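What follows is a short report on a single structure.
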Amino acid sequence: MTATTIVTPRLILAPLRAEDAPAVFAYRSDPDVSRYQSWIPSSAEEVADFIDGLGSLAFDTPGTWYQLGIRMKDPESLVGDVGVHFPADDPRQAEIGFTVMPAYQRRGIATEAVEGLLGHLFGKLGKHRAFASADPRNAASVAVLKRVGMRQEAHFRESLMFKGEWVDDLVFAILASEWNAR
């Protein structure tokens, strides 16, 4: 199976490696990072098992989530991850998510990573539509989604029970035709 690698001016998006588990656990379990995340690993071992499980999947396997590490090129270091979900009922679409460790936030890394991912989804993979869900209180993520050209399609009021409270959900999307017209 060929590994998916996406290269942008400053970043390399590539499959997570076993040695990434401690770093992924550290930033994904940080309360400031995990506030709006649904996956908060309980240990580096849980992350290692997750990474190991990715090894048996193709990047665009319908019905699954696949995480790519976000690495700075120089010096090469893991700074976050992007996730992609290809719905089983319509794999021509893709749901995306992203996480960047605090020390690398507010540097345009999430924007560059998401742009690279969208370019791959619409270019090489020929997907029709990409979408993302965000808590409206997560202003930084909402700003990234808008910056990459995604438009808000919905604002569901108190539609999700998340961490013990009803929360709103914003849905953003972009079509291949919109991406290509940028």
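For this chain, numbers begin at 1 and follow the sequence in order. Since this is a predicted model, take the numbers as computed values, not measurements.
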Cluster check Met72, Ile6: I/L/V/M/F/W/Y, side chain < 4.5 angstrom:
yes

Interatomic distance, CD@Glu153 vs CD1@Ile174, rounded to 0.5 Å, equals 10.5 Å

So, taking the atom named CG in Leu13 and the one named CD1 in Ile70, what distance separates them when rounded to the nearest 0.5 Å?
6.0 Å

Heavy-atom pair with the smallest gap, counting every atom of Val84 and Ala94:
CG1-CB, 4.0 Å

Any donor-acceptor pair under 3.5 Å linking the side-chain atoms of Ser159 with those of Asp169?
no

Over all atoms of both residues, closest heavy-atom pair of Leu175 and Glu178:
N-OE1, 2.7 Å

Over 60° means perpendicular and under 30° means parallel, so tell me whether Phe59 and His120 are parallel, tilted or perpendicular.
perpendicular

Give, for atom CZ of Phe86 and atom CD of Glu95, the distance between the pair rounded to the nearest 0.5 Å.
11.0 Å

So, does Ser141 use its side chain to make a donor-acceptor pair with the main chain of Asn138 at under 3.5 Å?
no

Side-chain contact, heavy-atom cut-off 4.5 Å: Val79 with Ile109?
yes

Met150 CE to Trp179 CH2 distance, which is reported to the nearest 0.5 Å
9.5 Å

Tightest non-hydrogen contact, residues Thr4 and Pro15, listed as O-CD, 3.1 Å

State, to 0.1 Å, how close Ala132 and Leu145 come at their nearest heavy-atom pair, and which atoms those are.
CB-CD2, 3.8 Å

Answer yes or no: is there a donor N or O on one side and an acceptor on the other, between the side chain of Glu112 and the main chain of Arg10, under 3.5 Å?
yes

Ser77 and Arg71: side-chain contact (heavy atoms from CB on, under 4.5 Å), yes or no, with the steps?
CA-CA 5 Å; Ser77 59; Arg71 296 179 193 289; over 6 Å; no

Validation row: Pro102, Asp30 side chains within 4.5 angstrom (heavy atoms)
yes

What are the two closest non-hydrogen atoms of Ala134 and Val142, and how far apart are they?
CB-CG2, 4.1 Å

Nearest non-hydrogen partners of Pro62 and Pro87, listed with the distance
CB-O, 4.4 Å

Find out if a path of hydrophobic residues (ILVMFWY) with successive side-chain heavy-atom gaps under 4.5 Å connects Val82 to Phe172.
yes

Please test Arg157 against Trp166 for side-chain contact (heavy atoms from CB on, under 4.5 Å), starting from the C-alpha separation and ending with a verdict.
CA-CA 9 Å; Arg157 308 291 282 178; Trp166 286 104; over 6 Å; no

Donor-acceptor contact below 3.5 Å, side chain Arg182 vs main chain Val148:
yes

Roughly how far apart are Leu78 CG and Met101 CE, rounded to 0.5 Å?
5.0 Å

With a 4.5 Å heavy-atom cut-off, do Leu54 and Gln67 have their side chains touching?
yes

Hphob cluster co-occupancy, Tyr27 + Tyr104, side-chain heavy atoms under 4.5 angstrom
yes

Sub-3.5 Å donor-acceptor pair from the side chain of Arg107 to the main-chain atoms of Ala103, do we have one?
yes

Got a donor-acceptor contact below 3.5 angstrom from the Gln105 side chain to the Val100 backbone?
yes

Indicate yes or no for a side-chain donor-acceptor contact from Thr8 to the backbone of Leu11 under 3.5 Å, with no hydrogens or angles considered.
yes

Do Glu45 and Phe50 have side chains that approach each other closer than 4.5 Å (heavy atoms only, starting at C-beta)?
no

Donor + acceptor pair across side chains of Thr99, Arg28 (<3.5 Å)
yes

Determine whether a donor-acceptor pair (N or O, by modelled atom type, separation under 3.5 Å) exists between the side chain of Ser29 and the backbone of Phe25.
yes

For the side chain of Asp20 and the backbone of Arg17, is there at least one donor-acceptor N/O pair under 3.5 Å apart?
yes

May I ask whether Val144 and Val33 are part of the same hydrophobic cluster, defined by side-chain heavy atoms of I, L, V, M, F, W, Y residues being less than 4.5 angstrom apart, directly or through others?
no

Any side-chain to backbone donor/acceptor pair from Asp168 onto Glu158? Under 3.5 Å, distance only.
yes

Crowding at NZ, Lys163 (>12 non-hydrogen neighbours, <6.0 Å):
yes

Pair Glu46, Trp39: side-chain N/O donor-acceptor within cut-off below 3.5 Å:
yes

Could you check if a side-chain atom of Ile96 sits within less than 4.5 angstrom of a side-chain atom of Phe131, using non-hydrogen atoms only?
no

Rounded distance (nearest 0.5 Å) linking atom CH2 of Trp65 with atom OG of Ser38
7.5 Å

Leu117 reachable from Ile12 in the ILVMFWY side-chain graph, under 4.5 Å edges
no

Hey, what else clusters with Phe162 if you join Ile, Leu, Val, Met, Phe, Trp, Tyr whenever side-chain heavy atoms sit under 4.5 Å?
Leu160, Val167

Run Asp81 and Phe98 through side-chain contact (heavy atoms from CB on, under 4.5 Å) and show every step you take.
CA-CA 6 Å; Asp81 59 80; Phe98 51 91; over 6 Å; no

Test your reading of the model: is there a side-chain donor-acceptor pair from Lys127 to the backbone of Ala176, 3.5 Å cut-off?
no

For residues Asp60 and Tyr66, is any side-chain donor paired with an opposing acceptor at under 3.5 Å?
no

Do Arg137 and Tyr36 touch side chain to side chain, with heavy atoms closer than 4.5 Å?
yes

